[in-house]
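Notes follow once the structure below has been shown.
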Amino acid sequence: MTARPVRVRFAPSPTGPLHIGGVRTALYNYFFARQHGGQLIFRIEDTDSTRFVPGAEEYIIEAFRWLGIEFDEGVSFGGDKGPYRQSERREIYKRYVDRLLAEGKAYIAFDTPEQLNAQREAVANFQYDATTRMTMTNSLTLSPEEVERRIAEGQQYVVRFKIEPGEEVHIDDLIRGDVVINSSVLDDKVLYKSADQLPTYHLANIVDDHLMEISHVIRGEEWLPSAPLHVLLYRAFGWVDTMPRFAHLPLLLKPTGNGKLSKRDGDKLGFPVFPLEWHAPDGTVSSGYRESGYLPEAVVNFLALLGWNPGDDTELMSMDELIAKFDLAKCSKAGAKFDYVKGWWFNREYLLAAPAARLAPAFLSILAAQGIDTTADRAAAVIEMMKTKNVEYVDAQSGQTRKRSVSFVADLWPLCDFCFIAPTAFDREDKFVKKNWKEDSAAQLTEVVHRLEALTDFSADAQKAAVDPWCEASGAKPWNAWRVALVGTGKGPDMYELSAFLGKDETLRRLRFAIDTLG
RNA sequence: GGUCCCUUCGUCUAUCGGUUAGGACGAGAGAUUUUCAUUCUCUAAAGAGGAGUUCGACUCUCCUAGGGACUACCA
């Protein structure tokens, strides 16, 4: 193979928020580009003017910024092979369409969508191809004068690619190997629409990839069926020497049931399918990974392993490691069911590894929503104390309440309210209170209060040094009653740790209150 | 319907002709524990089916079944 500089592209259509499957495709392109010291180009494929959604382009750019996927060229990133927005490349496409027309490799067709639909209803498996095109209304069946007259008259037309039947078209796919399709099963694809003076995806794609010197096309498997058409287009233009290599990635499938992952699955099972929260023009809001409390590294790591693996048992990898290890040859061929529960696990791993100070801002805003006003340091301290706990959740599939380890900053709040709110009453029927507040509890805690009062250093270690010897000597085990006093029930961190966090005044206040109230 | 792609534990996957088929998530059990956890240990769990090729197939070929994608003047 020719050792061309690696240039890959991610080319979304700005029709809405970026789907998580698209994020993975972009990610693989990014790994590939970085690993080979190449460039990643960001192209906007907005050739369907009717599906344009305002804000989508900005959303996509913001999503990649959050995820840490960096582009070298393209819309909003500069570069000398622009414009990178297809709607701004009309003249370029027109030139190439005319060339195909002049060389007899494409033709003009006047059949209206209505006529075509009627045809499809009338004839089973109707296809606009070599077997039918001579019966249709096009420049192959009409005289040149008639064609010209119709165009002059302003009649709308499309340009169709004239596919020669009976030819074996090979796609040398980097993931799937040799894929062969007979050109007879292909239809004469529309390449250009006179209505909006724009090409369709297929033409624009080939022209742009060629002009932008793309070396590898790494895209979703949904494009595999049209890959032969693309190969034929490269041939028609005489660009086979520089035709990019193809790699068709397996699809992301629904976690349950069959089919491609869709937004509805996320809504139903409670996980995001978009990187960022999306506010649609119609007012509906779709959740995003960022707003749901995922760390970008976790999303990247999780996604990277859905359809690819490093060949060993390594699962936790940074962006740099992923770039170093990524290999198209190690991509799997079969679609991957989207295991969002494993996504929780990835997030947990990164949450545990993240310094509490980084997590504090997010926690602070959750606390603020609960009416708690505190400092970043205190928020960070609570995160440290509570992040190895677990939280209850309702499994969307079974409807059962289960427990799982803290995976998100938002999981913390229901576990740590007592850090900020002192018990004002005690529930004697609470199982933990009932079991652990005994007749001698008040007396034991009085001794604890006595010992803590003397401390100037209120660190967990200092408390331990002041209380443990007495416990050992007397056989007293005051900790659960202590927990009742500080927390109100059977949850929370180690008592010395919690007391140190609350501080001497608050700790003693809560202990005395419990002694007075529960007796 | 047609074309193409795919098929190892429930899920993501390792294995690139010779393994007790490995790991992770999830599940279960136990140990540890000042509550709940964490942590640690262990267990269950897979080559879709059938023909070949081969001394030997999860691995190669074919068939069947199942799943998926595509089949627009959408990408």
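Naming convention: chains lettered A, B, ... in sequence-line order (proteins, then strands); numbering from 1 in each chain.
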Subject >> Rounded distance (Å) that lies between atom P of C70(B) and atom NZ of Lys189(A) >> reply: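 Roughly 12 Å, once rounded to whole Å.
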**OP:** When you get a sec, tell me which of U34(B), C5(B), A75(B) is the closest nucleotide to the side chain of Glu221(A)?
**Re:**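 Closest of the options to the side chain of Glu221(A): C5(B).
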**OP:** Please determine, for the side chain of Met495(A), which listed nucleotide (U34(B), A75(B), A24(B)) has the closest atom?
**Re:**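 Shortest atom-to-atom distance from the side chain points to U34(B).
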Original post:
Which residue, Gly492(A) or Pro199(A), contacts RNA chain B at a nucleotide closer to its 5' end, judged by nearest heavy atom?
Top reply: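 That would be Gly492(A).
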Subject >> Charged N-O contact under 4.0 Å between Lys389(A) and Asp411(A) >> reply: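 Between Asp411(A) and Lys389(A) there is no salt bridge, as every charged N stays at least 4.0 Å from the carboxylate O atoms.
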Original post:
Can Lys263(A) and Asp265(A) be counted as an ion pair, charged N to O under 4.0 angstrom?
Top reply: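 So Lys263(A) does not pair with Asp265(A) through a salt bridge.
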Give me the distance, rounded to whole Å, that separates [N] from [M] when you measure between the [atom1] atoms they each carry.
N      : M      : atom1 : result
C9(B)  : A48(B) : C1'   : 14 Å
U59(B) : G22(B) : C1'   : 16 Å
C4(B)  : A45(B) : P     : 39 Å

Original post:
Between Asn125(A) and G1(B), does any side-chain N or O lie under 4.0 Å from OP1 or OP2?
Top reply: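 Looking at the OP1 and OP2 atoms of G1(B), neither is under 4.0 Å from any side-chain N or O of Asn125(A).
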Original post:
Looking across every strand, which nucleic acid part, if any, lies under 4.0 Å from Lys389(A) by heavy atom: base, sugar-phosphate, or nothing?
Top reply: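 Base: the residue Lys389(A), judged by heavy atoms under 4.0 Å, touches a nucleobase.
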Subject >> Geometric class of the Trp344(A)/Tyr340(A) ring pair [parallel <30°, tilted 30-60°, perpendicular >60°] >> reply: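 If you compare the ring of Tyr340(A) with that of Trp344(A), the planes turn out perpendicular.
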**OP:** Give me the ring orientation class for Tyr294(A) and Phe408(A): parallel if the planes are under 30° apart, tilted from 30 to 60°, perpendicular past 60°.
**Re:**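 Perpendicular, since the angle between the ring planes exceeds 60°.
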